[in-house]
Chemist: 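I'd like to ask some things about the structure below.
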Amino acid sequence: MPLSDRLGGDLPRRPVSLELDDIQATVLRYRPEPYYGTHIMLHVSDPRGGREVLRRLAPHVGSAADWWRGDDTWIAVAISHTGMVAIGTPEPSLQSFPEAFRQGMAARADQLRDHGANDPRYWDSPFGSGRIHLWISIFSDTEARWHAAMETARQQYQGLSGVSVLEMHDFGAQPGDLNPLGYKDGIGQPAIEGGGIAPLPGQGRPIKAGEFVLGYPGEAGVPLPMPHPDVLGRNGTFVGIRKYQSRVGAFNRFLQANARSEEERELLAAKLIGRWRSGSPLTLTPGQDDPKLGADPLRNDDFTYADDPRGLRVPLGSHMRRMNPRDTRMAQLADVNLHRIVRRSTGYGAPYDPNATSDAADEVPRGIYFIFLSAKAMATMEFLQQEWINSGNFMDLGPERDPNVGLQEEGAVFTIPKEPVRHRVHGIETFNVLRGGEYLFLPGLTALRWLAEQQGGHA
Ligand code: HEM
């Protein structure tokens, strides 16, 4: 269902200052509810074949025009650095991409703190091999439209010489629109200036478009550096993909070990994230879940932390408060608006089972392709991993890490502020383990055609 329908009609409009029909739909269009789709990873061994896929796909790739209403099914296409090389992109253009993008996510493991269980050595194939060149994603609101879009995409690449499918991974919402750890997600998103509609209640002031789309002024008043020539960079953005395996057994064992009743268990689950499983924010309903509030996009993000400076409702170290501290006074000052990301994550695999506590449940394929977009995605990801996920200093929490996506060490704790004394919960483990990752460039539609027209490279 498109956003306008979910909000019960037409939305307050704002002037459009972005070239929406040249920007890929994924940048602005929210993930449908419910959602279905597939990620398709392609390898290119002949540059002409690779360029031909892009040329054929271009007319079918969804644009962000009227993104808040209409058809909620679209095809997106993104390219890795090795993919740019494989399709014969001219050298000066290749050199104009940021260094972290050119190196790729696996090579940036140190900067991303991807050590231990998250080390690229343990990633699933084909991640970290440099072989993922083109990444096609189909997003849809119905199974029928998903299959139709899949067929359209398939017709564009199948049978082309020098192009092969490395991996196809279906995704979708679990029953009740929950993710593999049993929570509603995809709620908190930044409002983007010039996108055409007013911010939703609680989204805060719209962020300058240049933070998310190349070619427009960012928060500092000037556009961020973009790849050359302009036709390649403009209206594009960067995507970071991180494939997580959710260790449902370990997560449930942790909850059960630290709660005496189902109520306590659910409260602890809410404290870890900052929202009840239904999506209702703890700030607004600290004592009990309110599923109606969780389901209402006009209310479920409408809060600040002004009345909760010490984290008595939403722990300072909870996932959501770390990832977007909003108006929290932090021990280390940071401009929150410079670290916002657009999230288009997709859940995959078996549904969450609240009773699964075995080690085997940790290995049942299920988890999240965490997908984030930003004009400086690589720098933002490295900042978040270093400062807000795998450290607690910015919230005066010492070495404590994000309880949801932090890489935990022996003896890890999670602090729940309480009167008269805080409660330290022990037994935190790495509940979501990284199993792959890739940096991609998501070109504008003109840029996609430009890439398809280049002549370089050889098979
Ligand atoms: C398996 C991995 C993950 C799971 C299960 C997960 C789950 C969640 C949930 C349940 C929420 C609250 C609902 C919502 O606002 O959408 C949330 C919010 C959020 N998460 Fe995650 N997340 C994961 C990974 C990540 C990572 C790796 C990052 C950043 C690097 C991240 C950044 C955010 C942000 C920015 C928000 C919104 C905060 C806000 O605006 O208030 N998440 N996540």
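This structure is a prediction, so every number in the text was calculated from the model and none was measured. For ligands, and for the atoms within them, numbers begin at 1 and follow the listed sequence.
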Chemist: So, do Tyr348 and Tyr369 have ring centers that fall under 6.0 Å from each other?
Modeler: yes

Chemist: To the nearest 0.5 angstrom, please state how far the CG atom of Asn432 sits from the CG atom of Leu407.
Modeler: 12.0 Å

Chemist: Is a donor from one side chain sitting under 3.5 angstrom from an acceptor on the other, for Gln386 and Glu382?
Modeler: no

Chemist: Look only at interatomic distance and state if Asn324 has a nitrogen or oxygen under 3.5 Å from any nitrogen or oxygen of ligand 1.
Modeler: yes

Chemist: Check His319 against ligand 1 and report side chain, backbone, both or neither, counting heavy atoms closer than 4.0 Å.
Modeler: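 For His319, only side-chain atoms sit under 4.0 Å from ligand 1.
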
Chemist: Between Arg326 and ligand 1, which part of the residue brings a heavy atom under 4.0 Å of the ligand: side chain, backbone, both or neither?
Modeler: side chain

Chemist: For Asn179, which part has a heavy atom under 4.0 Å from ligand 1: side chain, backbone, both, or neither?
Modeler: side chain

Chemist: Check ligand 1 against Met381 and write out every atom of the ligand that is under 4.0 Å from a heavy-atom position of the residue.
Modeler: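 Under 4.0 Å from Met381, ligand 1 has these atoms: 30 (C).
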
Chemist: Within the side chain of Ser4, is there an N or O that forms a donor-acceptor pair under 3.5 Å with the backbone of Trp68?
Modeler: yes

Chemist: Quick one: sort the Trp388 and His339 rings into parallel, tilted or perpendicular, breaks at 30° and 60°.
Modeler: perpendicular

Chemist: Out of Thr283, Ile273, Ile187, Val336, whose heavy atom is nearest to atom 14 (C) of ligand 1?
Modeler: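 When every heavy atom of Thr283, Ile273, Ile187, Val336 is considered, Ile187 comes closest to atom 14 (C) of ligand 1.
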
Chemist: How does Asn432 reach ligand 1, if at all, at less than 4.0 Å between non-hydrogen atoms: by side chain, backbone, both, or neither?
Modeler: side chain

Chemist: With heavy-atom distances below 4.0 Å as the criterion, list the atoms of ligand 1 near Ile368.
Modeler: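 The list of qualifying atoms is 1 (C), 4 (C), 5 (C).
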
Chemist: For Glu400 and Phe414, work out which heavy atoms get closest and say how close.
Modeler: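 Here Glu400 and Phe414 meet closest at OE2-CA, 3.5 Å.
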
Chemist: Return the option from Arg343, Met323, Gln385, Arg275 holding the heavy atom at the smallest distance from atom 17 (C) of ligand 1.
Modeler: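 Selected option, by shortest heavy-atom distance: Arg343.
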
Chemist: Where the side chain of Asp308 meets the backbone of Gly311, is there a donor-acceptor pair that is under 3.5 Å apart?
Modeler: yes

Chemist: To which protein heavy atom is atom 28 (C) of ligand 1 closest, and what is the distance rounded to 0.1 Å?
Modeler: Phe370 CZ, 3.1 Å

Chemist: Measuring from the heavy atoms of Gly186, does anything fall under 4.0 Å of ligand 1?
Modeler: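 Gly186 counts as a contact of ligand 1 under the 4.0 Å cut-off.
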
Chemist: In ligand 1, which numbered atoms sit nearer than 4.0 Å to a non-hydrogen atom of Val405?
Modeler: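 So the atoms of ligand 1 that pass are 2 (C), 3 (C), 23 (C), 24 (C).
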
Chemist: Is a side-chain donor-acceptor pair under 3.5 Å present for Asn252 with Thr357?
Modeler: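 Short answer, no.
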
Chemist: Among all protein non-hydrogen atoms, which one is nearest to atom 3 (C) of ligand 1, and what is the separation to 0.1 Å?
Modeler: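 That would be Asn404 ND2, 3.5 Å.
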
Chemist: Ring-plane angle category for Tyr352 and Phe251, please: parallel below 30°, perpendicular beyond 60°, tilted otherwise.
Modeler: perpendicular

Chemist: Are Tyr30 and Phe139 close enough that their ring centers fall under 6.0 Å?
Modeler: no

Chemist: Look at ligand 1 and say whether Ile389 reaches it with a heavy atom at a distance under 4.0 Å.
Modeler: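 True for this residue.
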
Chemist: Is Arg321 near ligand 1, meaning one of its heavy atoms is under 4.0 Å from it?
Modeler: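 Not so, Arg321 does not reach ligand 1.
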
Chemist: Among Arg275, Arg31, Arg343, find the one that has a salt bridge (Lys or Arg N to Asp or Glu O under 4.0 Å) with Asp185.
Modeler: Arg31

Chemist: Could you name the option among Tyr183, Phe303, Tyr369 that has the heavy atom nearest to atom 10 (C) of ligand 1?
Modeler: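 The option holding the nearest heavy atom is Tyr183.
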
Chemist: Nearest heavy atom to atom 15 (O) of ligand 1: which of Gly274, Gly188, Gly182, Pro180 does it belong to?
Modeler: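 Among Gly274, Gly188, Gly182, Pro180, the closest heavy atom to atom 15 (O) of ligand 1 belongs to Gly188.
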
Chemist: So for Lys184, does at least one of its heavy atoms come nearer than 4.0 angstrom to any atom of ligand 1?
Modeler: yes

Chemist: Which of the atoms of ligand 1 are close to Leu384, meaning less than 4.0 Å from one of its heavy atoms?
Modeler: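 That gives atoms 30 (C) of ligand 1.
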
Chemist: Can the ring centroids of His39 and Phe171 be said to lie less than 6.0 angstrom from one another?
Modeler: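 When the ring centroids of His39 and Phe171 are compared, they turn out to be within the sub-6.0 Å range.
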
